[in-house]
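Here the structure is laid out as structure tokens; the discussion comes afterwards.
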Protein chains: 2
Amino acid sequence: MKKALRSSPKPVRPSALQAESLRQTRREHAAETAEDYAEAIADLAASQGEARVVDLARRLGVTHVTVNRTLARLQREGLVSVQPYRAIFLTPAGRKLAEECHHRHSVVVDFLKSLGIPEKTAEIDAEGIEHHVSPGTLAAFAKYTNR
Amino acid sequence: MKKALRSSPKPVRPSALQAESLRQTRREHAAETAEDYAEAIADLAASQGEARVVDLARRLGVTHVTVNRTLARLQREGLVSVQPYRAIFLTPAGRKLAEECHHRHSVVVDFLKSLGIPEKTAEIDAEGIEHHVSPGTLAAFAKYTNR
DNA sequence: TACATAATGTAGCTTTGGCTACACTTTGGC
DNA sequence: GCCAAAGTGTAGCCAAAGCTACATTATGTA
């Protein structure tokens with residue numbers, strides 16, 4: 001084998017770190033859906049009294065079928081409580097998650113706006129960014145916003 | 001139906017905007033993998049002369065099987081060129097993507113570090129954030145870093 | 001040159017999250 | 001109280017991205 005060319009034992013850059021970062025990013029991904037749902041359910045409950053499947057579907061931009069199946073998973077995971085043809089409720093764990101998400105979302109949006117980014121762009125980018133912000137980075141964002 | 005409670009025609013918050021944001025975030029998601037692969041291949045080619053499946057697997061933190069199947073997709077999409085048992089090459093489109101990603105990654109990492117976030121955290125968070133940063137936000141990041 | 005080992009490829013499974021099409025419940029209004 | 005329409009549920013399809021187990025190819029070295 002051409003040792004010099006193929007898989008040198010100690011690569012120039014710490015690929016192990018990058019691999020771990022990417023692995024973490026991927027792991028987070030399943031949780032992102034849960035966060036979006038929790039936040040949407042909390043919002044709907046606050047603004048309309050209860051969250052229904054159609055409302056969630058509209059809100060999340062998917063069909064009611066996808067909402068249904070995802071809710072089943074979230075129930076397995078103990079975040080929501082669903083009964084056929086009834087409104088959707090967050091469990092205490094789900095409520096906690098929703099609150100954390102809402103807070104994180106606000107911090108990210110405010111931070112982006114304080115950088116001079118227009119509201120609409122800030123909202124769109126925050127939706128993607130918020131799930132990947134570590135506590136330390138979130139704190140730095142908050143600190144900058146209130147500087 | 002309880003009109004007041006269920007799916008009021010004009011919700012308080014612009015849920016259509018949120019739905020669109022989320023839809024966009026999801027759409028981007030398939031592209032994230034492509035970006036990670038393009039960047040990794042370019043990096044490996046630069047540092048080791050060529051990119052091989054095992055190197056990519058190590059780098060991305062997945063098995064060689066996953067790398068293989070993903071490469072097949074990226075070839076369908078015209079980003080890489082692969083031949084059995086041969087090194088992996090980026091097409092011009094793939095190279096362009098890799099350069100953009102590398103640039104975006106650098107900007108995000110430098111920005112986070114300039115906020116006082118430690119290098120390691122900055123790297124990890126950037127890996128998740130970089131795929132969701134719009135051009136406008138990226139420009140704002142760069143401007144802040146060089147302020 | 002032969003062969004052991006590393007690299008690569010393939011088969012087939014899983015989960016997640018999309019979808020359409022169709023079936024069944026609820027419910028508001030007549 | 002009926003019934004159409006809205007809401008909800010189910011069946012079954014797809015693609016992406018992960019995996020293990022096994023088969024095949026390349027290649028450095030003895």
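In the text below, chain A, chain B and the rest are named by the order of the sequence lines, each starting its count at 1.
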| task | Can you figure out which of D:dG7, C:dT8, D:dA17 approaches the side chain of B:Arg52 most closely? | result | C:dT8
| Among all residues two or more places apart in sequence or in another chain, which pass the side-chain hydrogen bond (donor to acceptor under 3.5 Å, both in side chains) test with A:His29? | B:His29
| request: Evaluate the side-chain proximity of A:Ile88 to A:Arg52: yes if any heavy-atom separation is below 4.5 Å, no if none is. | output: no
| query | Who are the side-chain contact (heavy atoms from CB on, under 4.5 Å) partners of A:Val65, not counting sequence neighbours? | reply | A:Thr63
| Starting at the 5' end of DNA chain C and moving along, which residue's nearest nucleotide shows up first, A:Thr63 or B:Ala51? | B:Ala51
| task | Report which part of the nucleic acid B:Arg23 touches: base, sugar-phosphate, or nothing (heavy-atom distance under 4.0 Å, all strands). | result | nothing
| task | Please list, by residue number, the residues of residues 78-89 of chain B whose heavy atoms come closer than 4.0 Å to an atom of DNA chain D; answer none if no residue qualifies. | result | B:Tyr85
| remark: Across all chains, not counting sequence neighbours, the side-chain contact (heavy atoms from CB on, under 4.5 Å) partners of B:Thr121 are A:Ser134, A:Thr137, B:Ile117, B:Pro118, B:Asp125
| Residue list, side-chain contact (heavy atoms from CB on, under 4.5 Å) with B:Asp36, at least two apart or on another chain | A:Leu22, B:Leu60, B:Glu127, B:His131
| message | Does D:dA17 have its OP1 or OP2 closer than 4.0 Å to a side-chain nitrogen or oxygen of A:Arg26? | response | no
| message | If you take any heavy atom closer than 4.0 Å to DNA chain C, which residues from residues 64-75 of chain B end up in contact? | response | B:His64, B:Val65, B:Asn68
Between side-chain atoms of residues 139-147 of chain B and protein atoms elsewhere (two or more places apart, or another chain), which donor-acceptor pairs fall under 3.5 Å?
unit_1   : atom_1 : unit_2   : atom_2 : d
B:Thr145 : OG1    : B:Phe141 : O      : 2.9
B:Asn146 : ND2    : B:Ala142 : O      : 3.0
B:Arg147 : NH1    : B:Tyr144 : O      : 3.1

| said: Tell me which pairs pass ring pair (Phe, Tyr, Trp, His ring centres under 6.0 Å) where either residue lies in residues 58-94 of chain A, with sequence neighbours left out. | reply: none
| Taking only residues two or more places apart in sequence or in another chain, which ones pass side-chain contact (heavy atoms from CB on, under 4.5 Å) with A:Arg76? | A:Arg73
| task | Please check the phosphate of C:dT15 (OP1 and OP2 only) for any side-chain N or O of A:Arg76 closer than 4.0 Å. | result | no
